Structures are given as C-alpha cells and as structure tokens.
**Q** 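Before I ask anything, here is the structure I am working with.
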Amino acid sequence: MSDFGVPEPANLSDLSQESPVAETSVRLALPAEAGEIGEIQVAAWRSSYAGLLPEDVLADLNPAQFAAQWRAALLAPGEARNRVMVALAGRTLVGFAAITPSDDPDADQQRDALIAELAVSPEATRAGHGSRLLNAVVDTVRADGFGRVTVWVNSTDDVLRAFYTEAGWAPDGAHRELDLYGDESVRIKQIRLHTDPGTE
C-alpha cells in the first residue's frame with residue numbers, strides 16, 4: 001500500500017486490466033506514476049517559462065530527476081495533508097496538482113493550503129483537465145480542514161491568471177520576486193491568488 005492508502009501496482013500494466021474506465025477522472029497519485037508526473041512537469045515548465053528562462057536551462061530540465069523527487073514525496077509525504085492528485089483522460093495521465101500547507105511567511109499552516117504545482121500536459125490543455133484538477137483541489141483542502149488555499153503565478157502569465165480568476169480566485173495583494181540563481185541575472189515576479197474553499 002502507498003502512504004495515501006491506495007495499492008501501488010508493480011507496474012501500470014496492472015491497471016490496464018481494470019474496466020470500465022471513466023473518460024476523464026481525478027484521483028490521488030500512485031508512486032508508480034512519478035515518471036509521468038515528471039514528464040508533464042518538465043513539458044509544462046518548458047511551455048510556461050519560455051521567454052523567461054534561458055533556452056539552455058529549459059533544455060537541461062531532466063524529467064528523471066523530477067520523477068525521483070515525486071516518487072520520494074509520494075512514498076513518504078510527511079505532513080498528512082500533503083497530497084498529489086492526477087487528472088486522467090481514460091487511462092492516460094494528463095495533469096497533476098500538488099497541495100501542501102502553505103509555508104509563506106504570513107501563512108497559518110493550520111488554515112492556509114498552497115497549490116505548490118498544478119500542470120497539464122501541453123498536448124492536453126483546453127480539454128477541461130485543469131478545471132477538474134482545480135475543483136478536486138478545492139474539495140480536498142476543504143475536507144482537510146483548510147480555510148483558504150493560495151497559489152503563486154508569474155505576473156506576466158495572463159493565461160494562467162485568467163484560468164484562476166475565472167474560477168473565482170482573486171489576488172490577495174501579496175507578491176514576490178524570485179532570484180533563480182542568486183546573482184540577480186534571472187528574476188521572475190509573481191503574484192499570489194487565493195480562494196475560500198467554503199463548506200460542504
């Protein structure tokens with residue numbers, strides 16, 4: 001069993017024997033899916049950070065390194081409310097979201113959740129997978145007892161900001177600037193959005 005209480009198949013071919021399967025779905029991630037999560041994260045980063053990060057940096061992103069980190073996180077999530085969710089089209093993993101208690105300096109870790117990552121494969125965008133993931137995230141943080149959920153987005157990413165604001169999220173006034181190399185050669189400005197997960 002994985003730490004999320006779900007069976008971890010020896011390989012994903014074990015899952016292929018199951019039927020029927022929903023056309024689209026969202027569920028907790030399996031450690032065996034870390035490789036696919038790493039591939040999606042790298043593809044999404046290369047798309048969203050194009051023009052912000054040097055091309056050689058984006059080209060050097062290694063899905064295997066991301067996958068190793070995700071597998072370790074899935075096998076030993078630490079805090080009970082650390083969650084990784086995946087979106088599927090049939091049996092194909094097309095997106096994922098990672099949720100954790102917020103570590104922002106002004107956050108209350110008992111009350112405030114953070115979407116650390118939400119990504120959809122560039123080939124699977126505009127098919128509703130991101131919205132299904134976001135809805136599942138809000139449902140999950142509500143069930144986990146959080147009173148607020150936040151996410152950081154690049155200030156220049158109008159598409160991503162619109163995705164959240166059209167779902168009812170809004171800026172909370174917080175902003176930050178990431179110095180990626182510590183030498184001020186690459187700086188990325190971000191703003192924080194938030195929403196109230198509400199009650200059942």
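In this text, all values refer to a predicted model and were calculated from it rather than measured experimentally.
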**Q** Working to the nearest 0.5 angstrom, can you tell me the gap between D196 CG and R142 CZ?
**A** 9.0 Å
**Q** So which heavy atom on V137 is nearest to which on A97, and how close?
**A** CG2-CB, 3.8 Å
**Q** Can you name the nearest heavy-atom pair linking V149 to P197, along with the distance?
**A** N-CD, 4.3 Å
**Q** Mind checking what makes ring-ring contact (aromatic ring centres under 6.0 Å, His included) contact with F96, not counting sequence neighbours?
**A** W70
**Q** Residues two or more places apart in sequence or in another chain: which of them pass side chain to side chain donor-acceptor pair (under 3.5 Å) with E177?
**A** R187
**Q** Give the C-alpha distance, both sets of side-chain angles, the deciding distance and a yes or no for side chain to side chain contact (heavy atoms under 4.5 Å, CB included) between V86 and L30.
**A** CA-CA 9 Å; V86 291; L30 300 170; over 6 Å; no
**Q** In the hydrophobic clustering that connects Ile, Leu, Val, Met, Phe, Trp and Tyr at side-chain heavy-atom distances below 4.5 Å, which members other than V159 occupy its cluster, ordered by chain and number?
**A** none
**Q** Please assess L61 against F66 for the test side chain to side chain contact (heavy atoms under 4.5 Å, CB included), listing each intermediate value before the final yes or no.
**A** CA-CA 9 Å; L61 293 176; F66 285 86; 4.2 Å; yes
**Q** If you round to the nearest 0.5 Å, how far is CD of Q190 from CG of N154?
**A** 5.0 Å
**Q** Does anything in residues 46-67 form a salt bridge (charged side-chain N to carboxylate O under 4.0 Å, His left out)? List the pairs, not counting sequence neighbours.
**A** none
**Q** Applying the 4.5 Å side-chain criterion to the ILVMFWY set and letting contacts propagate, would V26 and V94 be lumped into a single cluster?
**A** no
**Q** With rounding to the nearest 0.5 Å, note down the distance linking CD in E33 to CG in L88.
**A** 6.5 Å
**Q** Going by ring-ring contact (aromatic ring centres under 6.0 Å, His included), name the residues that satisfy it together with Y49, two or more places apart in sequence or in a different chain.
**A** W45
**Q** Can you sort out the partners of A127 under side-chain contact (heavy atoms from CB on, under 4.5 Å), two or more places apart, ordered by chain and number?
**A** H129
**Q** Holding to side-chain contact (heavy atoms from CB on, under 4.5 Å), I want the full list of residues that pass it with Q69, two or more places apart in sequence or in another chain.
**A** none
**Q** Using a 3.5 Å distance criterion without hydrogens, assess whether the side chain of T125 forms a donor-acceptor pair with backbone atoms of P122.
**A** yes
**Q** What pairs with N62 under side-chain contact (heavy atoms from CB on, under 4.5 Å), at least two apart in sequence or on another chain?
**A** A64, Q65
**Q** Grouping I, L, V, M, F, W and Y whenever their side-chain heavy atoms are under 4.5 Å apart, do L114 and L133 come out in a common cluster?
**A** no
**Q** Look up atom CG in D179 and atom CD1 in I188, then write down how far apart they are to the nearest 0.5 Å.
**A** 10.0 Å
**Q** Taking T150 for its side chain and A113 for its backbone only, find out whether a donor-acceptor pair lies under 3.5 Å.
**A** yes
**Q** So which heavy atom on S155 is nearest to which on I191, and how close?
**A** CB-CG2, 4.4 Å
**Q** Could you give the distance from CD (Q41) to OG (S121), rounded to the nearest 0.5 Å?
**A** 13.0 Å
**Q** Step by step, work out the side chain to side chain contact (heavy atoms under 4.5 Å, CB included) result for I99 and R81.
**A** CA-CA 8 Å; I99 321 163; R81 295 182 296 176; over 6 Å; no
**Q** Can you tell me how far apart CG (L193) and CG (D172) are? Round to the nearest 0.5 Å.
**A** 7.5 Å
**Q** Can you list everything that forms a side-chain contact (heavy atoms from CB on, under 4.5 Å) with A68? Sequence neighbours excluded, please.
**A** none
**Q** Which atoms form the tightest heavy-atom contact between N82 and P101, and what is the distance?
**A** OD1-CD, 3.3 Å
**Q** Which heavy atom of P77 sits nearest a heavy atom of L74, and at what distance?
**A** CD-O, 3.8 Å
**Q** Test: salt bridge (charged side-chain N to carboxylate O under 4.0 Å, His left out). Region: residues 110-120. Which pairs qualify, not counting sequence neighbours?
**A** D112-R148
**Q** Apply side chain to side chain contact (heavy atoms under 4.5 Å, CB included) to D144 and R83, showing your working.
**A** CA-CA 10 Å; D144 281 343; R83 312 253 188 205; 2.8 Å; yes
**Q** Once ring pair (Phe, Tyr, Trp, His ring centres under 6.0 Å) is applied, what residue pairs with a partner in residues 135-163 remain, sequence neighbours excluded?
**A** none
**Q** Can you give me the closest heavy-atom contact between A116 and T100, atom names plus distance?
**A** CB-CG2, 4.3 Å
**Q** For D106, which residues count as a side chain to side chain donor-acceptor pair (under 3.5 Å) partner, sequence neighbours excluded?
**A** R192
